[in-house]
Protein chains: 2
Amino acid sequence: MSKQELKILGQDGDGACCGALATAPLDEEQAADLAKVFKALGDPVRLRLMSMIASREGGEVCVCELTPAFDLSQPTISHHLKLLRQAGLIDCERRGTWVYYWVLPTALDRLAGFLAVPQAAKASA
Amino acid sequence: MSKQELKILGQDGDGACCGALATAPLDEEQAADLAKVFKALGDPVRLRLMSMIASREGGEVCVCELTPAFDLSQPTISHHLKLLRQAGLIDCERRGTWVYYWVLPTALDRLAGFLAVPQAAKASA
DNA sequence: GGCTTGTATTGACGTTCATTGATGCAACCT
DNA sequence: AGGTTGCATCAATGAACGTCAATACAAGCC
């Protein structure tokens with residue numbers, strides 16, 4: 001079910017890490033990859049989808065519970081879920097008739113770590 | 001110099017806080033406000049600008065140092081800087097002939113805190 | 001005052017994106 | 001098999017976005 005996802009926010013820690021934003025200037029490739037993830041979060045509908053999935057007890061939500069929460073058509077919700085999945089922020093699995101989505105916590109943590117301003121830089125603020 | 005900036009990422013801590021994404025579903029207004037900030041980061045040029053400014057010794061960068069780092073026209077860079085400023089991520093000040101930009105660390109920290117998955121939710125992952 | 005340099009704003013253009021109705025596919029039910 | 005429900009894909013449309021050339025504004029210099 002999980003086809004193409006971005007690898008930047010994967011499990012291993014070779015590339016960008018803690019406070020990378022304020023550590024050194026990003027090169028074009030890093031910036032392009034990260035921009036895709038932030039762009040995925042840069043839409044109110046997708047942010048609400050993320051929070052609805054992330055805040056769910058058990059961590060999984062059926063699409064049938066997400067769609068009626070919006071004044072949008074079902075294809076639109078499906079489209080947004082696809083973008084979030086391609087950004088590597090969520091994943092899904094078909095279980096019988098229904099499809100369940102969950103967030104990838106490591107992706108969120110890595111994004112958070114990327115943004116957090118390192119202590120060293122806080123002095124000169 | 002600083003006209004309109006988003007207040008979501010301001011100094012005080014009444015609204016969304018640590019791990020808010022995974023704590024409860026966002027309402028439409030919260031989602032719309034936050035989406036603007038993530039959207040501002042959802043462009044490779046703006047991400048590079050952010051990292052160039054944030055990683056700068058002293059925390060300030062003159063526009064005249066930013067513009068030549070890109071294969072883009074000066075108005076385009078100015079446009080991106082304006083968007084970052086309107087998102088509340090950076091601020092600027094004119095000093096004689098030149099304009100200096102710096103990041104607002106609290107904004108980044110609040111974004112990072114918003115994304116970070118709280119410990120409670122990590123168990124069920 | 002005029003000239004030059006640094007930065008922001010305007011207006012236009014091409015591309016990307018969000019949204020929809022129609023359609024397709026998968027799984028259940030009888 | 002036929003019908004129904006849940007979800008994804010397709011094709012089209014209007015809005016938003018990134019970019020630039022031209023222009024305007026601000027500050028220093030002659």
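Every chain is numbered from 1 and lettered A, B, ... according to where its sequence line falls, protein lines coming before strand lines. Computed from heavy atoms alone, side chains included, the values below leave out hydrogens, waters and symmetry copies.
- Put simply, the side chain of A/Leu111 reaches to within 4.5 Å of the side chain of A/Leu34, judged on heavy atoms.
- The environment of B/Asp27 atom CG is dense: over 12 non-hydrogen atoms of other residues, nucleotides or ligands sit within 6.0 angstrom.
- One can place CG of A/Leu84 at 14 Å from C1' of C/dC17, the figure rounded to the nearest angstrom.
- Distance CD (A/Glu93) to P (D/dC7): 14 Å, rounded to an integer number of Å.
- With contacts defined as side-chain heavy-atom distances shorter than 4.5 Å, the pair A/Leu84/A/Val103 does not qualify.
- Here C/dA8 presents its P atom at 12 Å from CG of B/Asp91, a figure rounded to the nearest Å.
- Side-chain proximity of A/Trp98 to the nucleotides D/dC7, C/dA18, C/dC28 is greatest for D/dC7.
- At a threshold of 4.5 Å between non-hydrogen side-chain atoms, the residues A/Met50 and A/Leu108 count as touching.
- B/Lys82 has its NZ atom 15 Å from the C1' atom of D/dT19, to the nearest Å.
- Nearest nucleotide to the side chain of A/Cys62, out of C/dT5, D/dC7, C/dA27: D/dC7.
- By the 4.5 Å heavy-atom criterion applied to side chains, A/Ile53 and A/Leu66 are counted as neighbours.
- Residues satisfying the side-chain hydrogen bond (donor to acceptor under 3.5 Å, both in side chains) test with A/Thr76, not counting sequence neighbours, are A/Ser73.
- Considering only heavy atoms from C-beta on, A/Leu115 comes within 4.5 Å of A/Phe38 through its side chain.
- Regarding contacts with the backbone of D/dG6, every side-chain N or O of A/Tyr101 stays at 4.0 angstrom or more from both OP1 and OP2.
- Here D/dG18 is the nucleotide among C/dT7, D/dG18, D/dG6 with the atom lying nearest to any side-chain atom of B/Leu83.
- Look at CG on A/Leu66: it is 13 Å from C1' on D/dG6, rounded to the nearest Å.
- Atom CG in A/Leu81 sits roughly 11 Å away from atom P in D/dT9 (whole-Å rounding).
- Checking D/dC17, C/dT7, C/dA18 against every side-chain atom of B/Lys39, the shortest atom distance belongs to D/dC17.
- Remark: C1' of C/dC28 and CZ of A/Arg95 are 17 Å apart, rounded to the nearest angstrom.
- Both A/Phe70 and A/Val61 are members of a single hydrophobic cluster when ILVMFWY side chains are connected at heavy-atom separations under 4.5 Å.
- Across residues 72-79 of chain B, B/Leu72, B/Ser73, B/Pro75, B/Thr76, B/His79 each have a non-hydrogen atom less than 4.0 Å from an atom of DNA chain D (numbered order).
- Near DNA chain D, defined here as any heavy-atom distance below 4.0 Å, there are no residues from residues 42-52 of chain A.
- Side-chain atoms of B/Trp102 and B/Asp91, non-hydrogen and from C-beta on, do get closer than 4.5 Å to each other.
- When the P atom of C/dC25 is taken as reference, atom CZ of A/Arg94 falls 13 Å away, rounded to whole Å.
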